[in-house]
Amino acid sequence: MAKTAFITGLTGQDGAYLAQLLLEKGYRVTGLVRRSSTSEINNLRLKWLGIENQVEFIDGDLTDVSGLVRTLQEVKPDEIYNLGAQSFVKSSWQQPLLTGGVTALGVTNLLEAMRIVVPDARFYQASSSEMYGKIQEDMQDEDTPFYPRSPYAVAKLYGHWITVNYRESFGMHASSGILFNHESPLRGIEFVTRKVTDGVARIKMGLADELRLGNIDAKRDWGHSRDYVKAMWMMLQQDIADDFVIATGVTTTVRDMCKIAFNHADLAMEDHLVIDPALFRPAEVDILLGNPAKAKSKLGWEPQITLEEMIIEMVDADLKRLG
Ligand code: NDP
Ligand code: GDP
């Protein structure tokens with residue numbers, strides 16, 4: 001019989017790619033959608049992938065536990081993927097309480113609903129490499145101590161530990177994926193990779209002349225969302241729930257990532273890039289570099305798409321969009 005998946009954050013980048021993957025595997029895919037006055041555009045990513053009519057939307061919000069209970073009663077999922085979050089680090093200083101309510105307590109709301117309604121389902125929590133923050137080890141793995149550097153990262157740390165705690169307290173099949181930055185043509189435009197590829201495409205098409213960025217010395221371990229959602233699914237197919245770092249094992253500066261985009265468009269970066277002090281953060285995560293050895297040995301997971309391939313795909317997609 002076909003399995004049923006329930007995804008929070010279905011309208012986000014990872015939600016869209018995960019839905020596509022699960023549909024290909026024959027799942028019934030359901031997911032939470034926030035009511036909005038612009039509901040005609042909140043399924044844009046699913047439309048981009050051509051799957052908007054193959055998934056079931058359920059109105060709801062991670063802060064509304066009674067709604068989550070009723071939803072799980074209706075849907076009866078076999079697998080729950082908690083991808084919903086206020087996910088942008090910079091906004092989390094502007095909205096720390098909202099970030100805590102959704103990104104931290106929202107996890108407990110969903111775990112509670114699951115414990116009450118479908119305790120035997122399997123649960124995935126979208127944890128983040130931002131939890132390592134001010135890194136305590138050069139290469140971060142599942143045993144590296146955390147040191148969060150933003151309200152977002154602090155909220156994600158709570159979400160991570162409450163997932164571990166529900167697994168240990170109630171024997172629930174709850175796994176936490178510590179995913180390093182992952183991008184795609186469906187990445188939100190406020191994140192640096194997409195801001196760069198959209199900016200480069202605009203300059204190429206004569207719609208803009210400059211690209212303003214903050215700290216271009218920051219380094220990230222960037223992978224592709226399409227690769228990373230496979231790891232989420234693989235985690236829930238394990239007999240025993242566990243936590244995994246998902247990363248590429250390569251770290252690159254924002255500057256060098258940016259160069260790939262400008263070079264692909266045959267533009268000179270120095271002619272267009274402007275450093276704007278207003279875009280620096282109150283506290284920075286200087287460098288992240290993940291060690292995905294456990295995911296490789298236990299899940300058989302490895303990334304397939306390189307940073308260069310991904311940035312080229314993103315620039316081309318932005319040129320197509322603007323065209
Ligand atoms: P997005 O920002 O693209 O998507 C976030 C999703 O959460 C959207 O569907 C959004 O809905 C939804 N959402 C926001 N607030 C609520 C709420 N109150 N109730 C229910 N849903 C809500 O993020 P990504 O797809 O990139 O990331 C998926 C998850 O993985 C997030 O939890 C993120 O923090 C985490 N993560 C992401 C990484 C990355 O590099 N992409 C790295 C590590 C972790 P709407 O469309 O209405 O805004
Ligand atoms: P994050 O790692 O989740 O915060 O992902 P982002 O893509 O938002 O940021 C990655 C890095 O790029 C951070 O170190 C930012 O400080 C840096 N960065 C530099 N300029 C910008 C910018 O204009 N926008 C964003 N979002 N990040 C920038």
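In what follows, every heavy atom counts, from backbone to side chain, and hydrogens, waters and symmetry copies are set aside.
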Task: Trp233 six-ring centre to Lys3 NZ/CZ under 6.0 Å and within 45° of normal - done: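 No.
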Going only through I, L, V, M, F, W and Y residues with side-chain contacts under 4.5 Å, is there a path from [X] to [Y]?
X	Y	answer
Leu157	Tyr147	no
Phe191	Val200	no
Val107	Val102	yes
Leu110	Leu98	yes
Val154	Tyr158	no

Should [X] and [Y] count as side-chain neighbours, where that means a heavy-atom distance under 4.5 Å?
X	Y	value
Leu72	Met114	yes
Arg167	Phe123	no
Val254	Thr193	no
Leu105	Thr63	no
Leu83	Met232	yes

- [ ] Identify the two heavy atoms, one from Met235 and one from Ser175, that lie closest to each other, and give their separation to 0.1 Å.
- [x]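 It is O-OG, 4.3 Å.
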- [ ] Could you check Lys156, His160, Gln125 and say which one makes a side-chain hydrogen bond (donor to acceptor under 3.5 Å, both in side chains) with Ser176?
- [x]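 Considering Lys156, His160, Gln125, a side-chain hydrogen bond (donor to acceptor under 3.5 Å, both in side chains) with Ser176 is found only for His160.
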Salt bridge flag under 4.0 Å for residues [X] and [Y]:
X	Y	result
Arg202	Glu210	no
Arg28	Glu56	yes
Arg226	Glu183	no
Asp318	Arg194	yes
Glu302	Lys296	yes
Asp78	Arg122	no

Euclidean distance, [Y] [atom2] relative to [X] [atom1], rounded to 0.5 Å:
X	Y	atom1	atom2	answer
Ile246	Leu179	CD1	CG	5.5 Å
Ile189	Lys195	CD1	NZ	10.0 Å
Asn263	Glu308	CG	CD	8.5 Å
Thr248	Asn181	OG1	CG	10.0 Å
Thr11	Asn42	OG1	CG	6.0 Å

Has [X] got a side-chain atom pairing as donor or acceptor with [Y]'s backbone, closer than 3.5 angstrom?
X	Y	value
Gln13	Ser184	yes
Lys76	Gln73	yes
Ser92	Tyr152	yes
Lys134	Ala283	no
Arg45	Leu186	yes
Ser91	Gln94	no
Glu309	Thr306	yes
Thr253	Asp256	yes
His272	Leu211	no
Asp227	Gln304	yes

- [ ] Check the pair Lys204, Leu267 against side-chain contact (heavy atoms from CB on, under 4.5 Å), reporting the backbone distance first and the verdict last.
- [x] CA-CA 7 Å; Lys204 184 72 183 172; Leu267 294 167; 4.3 Å; yes
- [ ] Please test Asp64 against Ser66 for side chain to side chain donor-acceptor pair (under 3.5 Å), starting from the C-alpha separation and ending with a verdict.
- [x] CA-CA 6 Å; Asp64 180 0; Ser66 63; 3.0 Å; yes
- [ ] Carefully, step by step, assess Ile216 and Leu273 under the rule side-chain contact (heavy atoms from CB on, under 4.5 Å).
- [x] CA-CA 10 Å; Ile216 60 171; Leu273 184 57; 4.0 Å; yes
Open item on the list: Using the ring-ring contact (aromatic ring centres under 6.0 Å, His included) criterion, which residues pair with Trp301? Sequence neighbours excluded.
Closed with: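 Partners of Trp301 under the ring-ring contact (aromatic ring centres under 6.0 Å, His included) test: Tyr228.
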Would you say that more than 12 heavy atoms from the other residues, nucleotides or ligands in this model lie under 6.0 Å from the [atom1] of [X], or not?
X	atom1	result
Phe280	CZ	yes
Asp271	CG	yes
Ile240	CD1	no

- [ ] Could you check Asp242, Asp141, Asp243 and say which one makes a salt bridge (charged side-chain N to carboxylate O under 4.0 Å, His left out) with Lys294?
- [x] Asp242
Open item on the list: Are Phe6 and Tyr81, when compared by the centres of their aromatic rings, separated by less than 6.0 Å?
Closed with: no
TODO: In sequence, state the C-alpha distance, the side-chain angles, and the governing distance for Asp120 and His173, and then conclude on side chain to side chain donor-acceptor pair (under 3.5 Å).
DONE: CA-CA 7 Å; Asp120 295 330; His173 194 295; over 6 Å; no
Task: Gln136 and Thr144 side chains, donor-acceptor separation under 3.5 Å - done: no
- [ ] Give a yes-or-no answer on whether the side chains of Glu137 and Tyr132 include a donor-acceptor pair shorter than 3.5 Å.
- [x]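 No - no donor-acceptor pair under 3.5 Å links their side chains.
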TODO: Please list, chain by chain and in numerical order, all residues satisfying side chain to side chain contact (heavy atoms under 4.5 Å, CB included) with Ala247, sequence neighbours excluded.
DONE: Phe180, Asp221, Val245
TODO: Go through Ile80 and Tyr124 one step at a time and tell me if the side-chain contact (heavy atoms from CB on, under 4.5 Å) criterion holds.
DONE: CA-CA 6 Å; Ile80 299 173; Tyr124 173 83; over 6 Å; no
Open item on the list: Apply side-chain contact (heavy atoms from CB on, under 4.5 Å) to residues Leu319 and Asp316 and explain how you reach the verdict.
Closed with: CA-CA 5 Å; Leu319 284 167; Asp316 289 344; 4.2 Å; yes
Open item on the list: Tell me which pairs pass salt bridge (charged side-chain N to carboxylate O under 4.0 Å, His left out) where either residue lies in residues 87-111, with sequence neighbours left out.
Closed with: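 Every candidate salt bridge (charged side-chain N to carboxylate O under 4.0 Å, His left out) pair involving residues 87-111 fails, so no pair, neighbours aside, qualifies.
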TODO: Tell me, with the steps shown, if Asn215 and Glu284 meet side chain to side chain donor-acceptor pair (under 3.5 Å).
DONE: CA-CA 9 Å; Asn215 176 17; Glu284 180 60 286; 3.1 Å; yes
